[in-house]
Every structure is written in structure tokens, then in C-alpha cells.
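The chain is numbered in sequence order, starting from 1. Both ligands and their constituent atoms are indexed starting at 1 by order of listing.
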Amino acid sequence: MTKKLEALIFDVDGTLADTEEVHRQAFNLAFQNFGLPWYWSPALYEKLLETSGGCERMMKFALAQGESFKRPPDMEEYIVRLHKLKTTYYGQMLVEGRVKLRAGVRRLIDEARQQGIRLAIATSSAYANVKILLDSNLPKEWPSWFEVLATCDIIESKKPSPAVYQFVLQEMGLRADQCVAFEDSYNGNRAALAAGIKSVITTHTFTENDDFSGAALVLDGFGEPDRPCKVNHGELGKRQWLALATLQKLLRNSLRDEIAPAAGGPPILQQSPA
Ligand code: XBP
Ligand code: MG
């Protein structure tokens with residue numbers, strides 16, 4: 001049975017746009033404002049990204065500070081307040097136009113819309129963040145382009161849980177093998193694969209060293225016809241940028257394109273009969 005590509009499902013942070021550096025700066029501004037002696041350097045942030053979700057990331061970091069951090073009586077409420085301020089700073093930086101869509105993202109979205117391929121978003125971040133990012137980078141009608149916008153406001157469990165992807169499949173009435181997921185991180189890749197969806201990874205400075213076992217393609221971006229992308233794993237065929245035609249081929253042949261699982265590890269994606 002030839003699998004026909006029906007939908008593209010996009011992660012947000014690190015995939016639609018290289019947002020993590022601005023997130024990192026927003027976290028540090030919030031820490032300063034709260035009088036906390038915390039500073040998340042790029043090297044530390046790369047490690048902290050092992051935890052999806054800003055609140056979860058800050059909670060885990062705070063609890064690891066031991067005696068040096070005097071825990072407030074209501075830790076949860078404190079972290080929520082800190083995250084609200086961080087999100088305000090993040091939004092201000094996006095509104096200033098600090099973050100553009102990554103290369104090839106708009107082209108791929110336009111190609112998909114022209115060919116009737118459905119679109120969805122699956123992110124561990126909040127709708128407010130997605131709205132500000134896409135309001136500042138796409139025409140005002142962009143919300144109508146994405147059939148499902150699954151965020152942490154709707155799906156509580158964060159990646160690598162597959163929940164956000166399973167929600168998108170359910171809402172769209174699609175099978176996993178009719179879709180391709182675009183991700184940037186270890187957690188994101190694991191979430192897509194655990195939902196049975198083929199994954200295409202676009203790396204960036206904070207995730208280029210992540211383990212992307214099971215991914216069908218690992219690129220340094222989607223590329224453009226005049227701006228070839230670097231292929232770290234998989235086959236792009238004759239083009240040196242990611243085109244819709246490549247994704248259809250990937251769906252048909254991707255079981256042969258998977259990255260071999262990390263030495264000794266079982267293949268993450270159970271191979272469904274081709
Ligand atoms: C990435 C995340 C988010 C961002 C920070 O989400 O894990 O936590 O790092 O945003 P995704 P928040 O890659 O799934 O889009 O502070 O709003 O969580
Ligand atoms: Mg991401």
C-alpha cells in the first residue's frame with residue numbers, strides 16, 4: 001500500500017524558528033528581575049534543554065541548587081510567576097522582530113498549502129508564544145493554515161511524551177504513517193517516533209549534539225534552492241533542499257532511511273510492515 005503524505009506536523013521552538021537563544025535570554029532577564037543569582041549560559045542551557053517546558057526546566061534547576069536557594073513556601077506558585085515574567089520578556093523580544101522563521105519553513109508551508117497537504121503544530125510551549133512568533137512572521141490569516149495547534153495549554157505532558165502528536169493525529173483523523181513530523185531536539189524526535197510518525201530533524205547550536213536515533217532525515221535546516229542544506233543523515237535525492245516531493249518519497253522508503261539506533265539500543269520506531 002503506497003503511503004500518501006497527508007499532513008506535515010511542525011514543532012515550534014528550534015524548528016519553525018531558532019527561538020531557544022531568545023528563550024534563554026528571557027529566562028536570565030526574569031532571574032535578574034527576581035533577584036536570583038542564576039545565569040543560564042549557552043553551554044548550561046544546552047544541557048537544561050533536556051527538560052521540555054520552561055516551568056519544568058526552572059523547577060528542576062531550582063531544586064538542584066540545594067541550600068544555595070531558599071525555597072519559597074509555595075514553590076509551584078513561585079515558578080509559575082517566574083515563568084509568566086519570562087514569557088513577557090520573550091514576547092517583547094519576538095514583537096521587536098528578533099526571531100525570523102528558519103530557512104525553507106515558509107517555502108515548505110506554501111508548497112504544502114498549494115498541494116492540499118494539511119498542516120498542524122505540536123509544541124511543548126504555550127499558545128501565546130506561538131501566536132507572537134507567527135503573528136510577527138506570517139500573514140494575519142496564518143491560524144487558518146494550521147488545522148490543529150497543539151500546545152502545552154491543551155496537552156499537559158511534555159515531549160518526549162508522544163501525547164501532543166497523538167492529539168494531533170486524533171484531531172485530524174489521520175494515521176501516523178500519513179504524516180511527517182519536523183523537530184529540532186532529542187525530546188522532540190523521541191515524541192514523534194513514539195507516536196509512530198516519521199521525523200525530519202533540523203539541528204541548531206543547542207541541539208546539534210543530540211542523539212537523533214530513529215530519525216529519517218537529519219539536516220541543518222530545510223534549505224532553499226539557492227541555499228543548500230547540510231545533510232547529516234538520510235537522502236535528499238537530487239535536490240539540496242527539503243522539498244515536498246522528498247517527503248512523499250521519505251514516507252514510501254523511510255524505513256530504509258532511518259538512522260541506525262544508538263549502539264546497543266533497540267530501534268525506537270517499531271518497523272511497521274512497509
Ligand atoms: C521547546 C520547549 C519550551 C521552550 C521554552 O518546545 O521545551 O519549553 O524551550 O518555552 P518545542 P516555554 O520545541 O516543543 O516547541 O518557556 O514556554 O516552555
Ligand atoms: Mg523544539
For atom 10 (O) of ligand 1, find the nearest protein heavy atom and state the residue, atom name and distance (0.1 Å precision).
His23 CE1, 3.2 Å
Atom 15 (O) of ligand 1: which protein heavy atom is closest, and how many Å away?
Thr123 OG1, 2.6 Å
Identify the heavy atoms of [X] and [Y] that sit nearest to each other, and give their distance.
X      : Y      : value
Glu183 : Thr15  : C-OG1, 3.3 Å
Leu101 : Asn137 : N-OD1, 3.4 Å
Asp220 : Arg102 : O-NH2, 2.9 Å
Asp13  : Ser125 : OD2-CB, 3.3 Å

Does Lys86 make a cation-pi contact with Tyr90, if we ask for NZ or CZ under 6.0 Å from the ring centre and within 45° of the axis?
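Yes.
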Measure from NZ or CZ of Arg113 to the centre of the six-membered ring of Trp145, then state whether that distance is under 6.0 Å and the direction lies within 45° of the axis.
yes
Ligand 1 contact on [X] by region, counting heavy-atom pairs under 4.0 Å:
X      : answer
Arg57  : side chain
Asn187 : neither
Phe10  : neither
Glu20  : side chain
Asp13  : both
Tyr127 : neither

The Mg ion (ligand 2) contact by Glu183, N, O or S atom under 2.8 Å:
no
Output yes if Asp184 passes the N/O/S-under-2.8 Å test against the Mg ion (ligand 2); output no otherwise.
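Looking at Asp184, which is the residue asked about, there is an N, O or S atom under 2.8 Å from the Mg ion (ligand 2).
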Applying a strict 4.0 Å limit to heavy atoms, is [X] in contact with ligand 1?
X      : result
Gly14  : no
Lys86  : yes
Tyr45  : yes
Glu183 : no
Tyr90  : no

Can you check which of Ala191, Gly53, Ala126, Ser185 brings a heavy atom nearest to atom 8 (O) of ligand 1?
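The nearest heavy atom belongs to Gly53.
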Look at [X] together with [Y] and state whether they make a salt bridge at an N to O cut-off of under 4.0 Å.
X      : Y     : answer
Lys159 : Asp11 : yes
Glu77  : Arg81 : yes
Glu50  : Lys60 : no

Would you kindly confirm whether Leu174 and Ile155 end up in one hydrophobic cluster when ILVMFWY residues are joined by side chain heavy atoms under 4.5 Å apart?
yes
Kindly assign one of parallel, tilted or perpendicular to the pair His83 and Phe27, based on the angle between their ring planes and the thresholds 30° and 60°.
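Tilted, since the angle between the ring planes falls between 30° and 60°.
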Any idea which N/O/S atom from Asp11 gets closest to the Mg ion (ligand 2)?
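It is OD2 of Asp11.
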Looking at Asp13, the N/O/S atom that lies nearest to the Mg ion (ligand 2) is called O
For ligand 1 and Ala122, I'd like to know whether there is a polar contact (N/O to N/O, distance under 3.5 Å).
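By distance alone, the answer is no.
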Can you confirm, on distance only, whether ligand 1 has an N/O atom lying under 3.5 Å from any N/O atom belonging to Gly54?
yes
In terms of atom number and element, which parts of ligand 1 are under 4.0 angstrom from non-hydrogen atoms of [X]?
X      : result
Asn129 : 17 (O)
Asp11  : 11 (P), 13 (O), 14 (O), 15 (O)
Phe27  : 16 (O)
Val12  : 15 (O)

With ring centroids as reference points, do Trp38 and Phe61 lie under 6.0 angstrom apart?
yes
Measuring centre to centre across the rings, with the benzene-like ring taken for any Trp, is Phe212 within less than 6.0 Å of Tyr186?
no
Apply salt bridge (Lys or Arg N to Asp or Glu O under 4.0 Å) to Arg107 and Glu224, showing your working.
CA-CA 8 Å; Arg107 172 180 55 75; Glu224 297 286 13; 2.7 Å; yes
